[in-house]
Student: 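Quick one: the structure is below, and I'll ask about it shortly.
Just so you know, residue 1 is the first one in the sequence shown, and it goes up from there. Note that this is a predicted model, so its numbers are computed, not measured.
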Amino acid sequence: MKMWRLCFLLLICAGLCVAFALGGCGDNPCDQAEPTICANIVHAVPDSCLVIVEDDFACLCCGPESEDQVPCTDIPTLVTEWNENTKTCDIVPED
């Protein structure tokens, strides 16, 4: 009877290990890059990575100085916005 308990325990442990491995435990794209992933994107605010879903992220883009945007260091009046498809901060054309 003890042998069955041991086999049952091994099956449970093996199942939990497989579940954690396939579940992607800790697949945060913001934590996988050094320095941060946003620091490598032009016109993105460093340390502003936001997890949208498990494998997707977004960064804050710099813009004209206001309450909700950080000004760009090279051109303080530059207007940019996040492009979800290309994962870049695109410059918004002036009207």
Student: Please identify each residue that fulfils side chain to side chain donor-acceptor pair (under 3.5 Å) with D56, with sequence neighbours left out.
Tutor: K87
Student: Looking at A58 and I52, what are the two nearest heavy atoms and their distance?
Tutor: CB-CD1, 3.6 Å
Student: State, with a plain yes or no, whether a side-chain heavy atom of F57 is found less than 4.5 Å away from one of I37.
Tutor: yes
Student: For T86, what residues pass the side chain to side chain contact (heavy atoms under 4.5 Å, CB included) criterion, not counting sequence neighbours?
Tutor: N83, T88, D90
Student: Can you list everything that forms a side chain to side chain contact (heavy atoms under 4.5 Å, CB included) with I91? Sequence neighbours excluded, please.
Tutor: H43, L78, T80
Student: Taking only residues two or more places apart in sequence or in another chain, which ones pass side chain to side chain contact (heavy atoms under 4.5 Å, CB included) with V92?
Tutor: V79, E81
Student: Can you tell if the side chain of V51 reaches within under 4.5 Å of the side chain of C30, non-hydrogen atoms only?
Tutor: yes
Student: Measuring from atom CH2 of W82 to atom CD1 of I41, what distance do you get when rounded to the nearest 0.5 angstrom?
Tutor: 4.0 Å
Student: So C72 and C62, disulfide (SG to SG under 2.5 Å) or not? Walk me through it.
Tutor: CA-CA 5 Å; C72 298; C62 64; 1.9 Å; yes
Student: Taking atom SG of C38 and atom CG of D47, what is their separation to the nearest 0.5 Å?
Tutor: 8.0 Å
Student: Answer yes if V45 and L50 sit in the same cluster of Ile, Leu, Val, Met, Phe, Trp and Tyr residues linked by side chain heavy atoms under 4.5 Å apart, and no otherwise.
Tutor: yes
Student: Going by the rule side chain to side chain donor-acceptor pair (under 3.5 Å), which residues pair with S48 if we only count those two or more places apart in sequence or in a different chain?
Tutor: none
